[in-house]
Structures are given as structure tokens and as C-alpha cells.
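Predicted, not measured: the structure shown is a model, and the values here were computed from it.
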Amino acid sequence: MSAFGPGANHGLLLEPIPPAVGFVGGIGGDLPEILPSGDWEPYLPVFEAQSKLGLETMNCVQFSRLNACEIQANFHGKPLNLSDRFLYWASGCTERGNTFSACNYGLKRYGAPPESSWPWVGPLTREQYGTEPPPDVQAEAEKILDEWDIGQLVWVPATIEKMKAALKKGPLWFCNDFHAMTIYRIDDHIRVFDTYGNGKGAFYLEYVSQIEACYLAPFTPKHLVPKPPMNYPRNSLIVVVDGLG
């Protein structure tokens with residue numbers, strides 16, 4: 001069972017696992033277990049289709065990345081509906097699709113505005129859909145970078161046991177060899193949130209062998225918990241490192 005029809009590429013460009021991801025433990029390293037049930041269904045966002053109004057956007061990577069953000073925003077009681085069209089532009093997506101690393105870099109560099117600021121509500125050509133947003137929309141997108149921590153991707157081994165453990169720490173951004181989606185629960189099936197059908201889909205557990213990549217993608221309010229003050233000895237040498245390398 002699935003929420004979409006099999007066949008041609010839906011917008012995923014496969015790549016090796018990017019080097020700038022966390023591998024510690026394979027299930028999130030030091031990330032806390034914030035949802036012991038591992039069931040993110042109560043926090044799913046409103047379904048949005050990646051193909052409508054005569055245009056197949058090939059934007060599944062960006063839709064699924066923002067779905068993971070929106071699920072976590074709902075969990076933290078700070079609902080968001082972010083513009084997938086904006087991230088198409090910000091990440092350099094094309095008519096062939098995009099890679100996970102380019103999508104994640106675009107999100108960290110440009111942010112994402114509310115859907116209402118850069119919507120897709122009428123028929124558009126691909127060129128219109130992917131056109132550069134105006135400066136005021138780009139400024140609106142940057143606000144999310146001030147309000148939320150977009151954490152480092154953490155690779156999760158594609159086994160039922162490891163993915164169940166990781167789901168206690170966040171929803172999973174994953175792909176097969178042609179499409180990207182979000183896993184929100186694993187029980188007797190792998191439950192996914194998708195950009196086709198009505199959003200919810202499911203695969204038999206044996207489908208795990210078809211998963212090409214799976215990540216935790218932490219997204220946390222910056223002021224959720226005040227950080228303790230850092231008291232350094234007088235004349236300490238402090239080195240500041242850019243998180244993007």
C-alpha cells in the first residue's frame with residue numbers, strides 16, 4: 001500500500017550520504033527522546049499536493065523536508081505552514097528534482113516564509129513556479145532562522161529497530177530511489193506522510209529494503225529552554241566555527 005503510484009521519478013536526485021550529517025549511534029546521537037510513543041500522527045500538517053493545476057513540480061524533496069519541520073512545529077505548539085514553492089527556488093530545484101543536501105542547505109541559508117507569503121493557488125508554468133521571490137518575501141523567510149534551530153541532519157540506518165528508536169526523537173525524512181516522504185510512525189506498517197493521494201500512506205515492513213536514505217531533521221524553537229550562561233576564565237581563547245563548515 002502507498003499514498004502514490006509507482007513509476008517515474010517524482011523529484012528525487014539520489015546522492016551518497018552527505019558528509020555533513022551526524023552519525024553518532026546512527027539514531028540521533030545526543031538528541032533527546034521527546035516523544036516516547038514514536039507516533040507523530042497527531043502532529044501531521046495539512047496535506048498539500050506537489051502535483052496540481054496542470055503542473056508536476058518535481059518538488060517532493062522540499063515538500064517532505066518542510067513537512068518534517070511542520071510536524072515538529074505542531075508538536076512544540078507553534079504551528080507553521082511554510083512555502084514549499086519558496087524552498088523550490090531557495091534550494092535550486094529543477095524539472096529533474098533535487099538532492100537532500102541541496103534542499104537542506106537552501107533551507108538553512110534562506111529559511112522559508114509562510115505559505116501565504118509565497119503561495120501556489122493558481123495555474124503556473126514551471127518557470128513561474130520557480131521564479132525568484134521578491135525581496136520582502138525573502139526577508140520574511142529569514143525570520144524563521146531567528147526563531148528556530150534547524151539542526152544537523154542525523155543519518156538513521158534503514159532497519160525497523162533503528163527507525164523506531166529514531167522516531168522517539170523526531171519524524172523521519174526519507175526516500176526510496178525515486179521519491180521523498182516523511183515517516184510519522186511504525187507499527188505493523190511503515191506509516192508515511194506524502195504529497196500524493198490524501199497524504200497518509202503505508203508500506204509493509206518489508207519495504208524497509210527499498211529505503212535509500214533516512215534522516216532525523218531536528219527543528220526546535222530557539223527559546224524553548226534558556227541556555228545556561230557560559231563562564232570562561234579571564235583571557236580565554238574562544239574559537240567560533242561556522243555550523244555549515
The test is salt bridge (Lys or Arg N to Asp or Glu O under 4.0 Å); show your working for R191 and D188 and say whether it passes.
CA-CA 9 Å; R191 309 286 175 177; D188 58 342; 2.9 Å; yes
Would W89 and Y129 count as a ring-ring contact (aromatic ring centres under 6.0 Å, His included) here? Give the steps.
CA-CA 8 Å; W89 165 80; Y129 182 83; over 10 Å; no
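Between H189 and F203, the distance separating the two ring centers is not shorter than 6.0 angstrom. Separation of the Y196 and H179 ring centroids falls under the 6.0 Å cut-off. Separation of the Y215 and F174 ring centroids does not fall under the 6.0 Å cut-off.
Minimum interatomic distance between M163 and C214 (heavy atoms only, all atoms of both residues): SD-SG, 4.0 Å. Between F86 and P113 the shortest heavy-atom distance is CG-CD, 3.3 Å. Considering every non-hydrogen atom in both E56 and S51, the closest pair reads OE1-CB, 3.2 Å. Nearest heavy atom pair, residue S91 against residue C103, reads CB-CA, 3.6 Å.
Each ring pair (Phe, Tyr, Trp, His ring centres under 6.0 Å) pair with one or both residues in residues 130-150, not counting sequence neighbours, appears once here: W148-F219.
Counting only N and O atoms by type, the side chains of Y207 and N176 include a donor and acceptor under 3.5 Å apart. For the residue pair N98 / Q62, a side-chain donor-acceptor distance below 3.5 Å is found, with atom types taken as modelled. Checking Q72 against T220 by side-chain atom types alone, no donor-acceptor pair falls below 3.5 Å. If you check the side chains of Q50 and T57, you find no donor sitting under 3.5 Å from an acceptor.
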N/O donor-acceptor pairs under 3.5 Å from side chains in residues 114-125, not counting sequence neighbours:
| residue | atom | partner | partner atom | Å |
| --- | --- | --- | --- | --- |
| W120 | NE1 | G122 | O | 3.4 |
| T125 | OG1 | Q128 | N | 3.1 |
| T125 | OG1 | Q128 | OE1 | 3.4 |

Expected list for residues 63-71: side-chain donor-acceptor pairs under 3.5 angstrom, two or more places apart:
| residue | atom | partner | partner atom | Å |
| --- | --- | --- | --- | --- |
| S64 | OG | C60 | O | 2.8 |
| S64 | OG | V61 | O | 3.0 |
| S64 | OG | W173 | NE1 | 2.9 |
| R65 | NE | N104 | OD1 | 2.8 |
| R65 | NH2 | N104 | OD1 | 3.0 |
| N67 | ND2 | F63 | O | 3.3 |
| E70 | OE2 | L82 | N | 2.8 |

Check: residues 35-43 side-chain donor-acceptor pairs under 3.5 Å, at least two apart:
| residue | atom | partner | partner atom | Å |
| --- | --- | --- | --- | --- |
| S37 | OG | D39 | N | 3.2 |
| D39 | OD1 | E41 | N | 3.0 |
| D39 | OD1 | R185 | NH1 | 3.2 |
| W40 | NE1 | L167 | O | 2.7 |
| E41 | OE1 | R185 | NH1 | 2.5 |
| E41 | OE2 | K200 | NZ | 2.6 |

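For the atom pair F100 CZ and L153 CG, the distance stands at 9.0 Å (nearest 0.5 Å).
Among residues two or more places apart in sequence or in another chain, the salt bridge (Lys or Arg N to Asp or Glu O under 4.0 Å) test is passed with D146 by none. By the salt bridge (Lys or Arg N to Asp or Glu O under 4.0 Å) test, E140 is found to be paired with K143, residues two or more places apart in sequence or in another chain being considered.
In this structure, E147 places its CD atom where more than 12 heavy-atom neighbours from other residues, nucleotides or ligands lie under 6.0 Å away.
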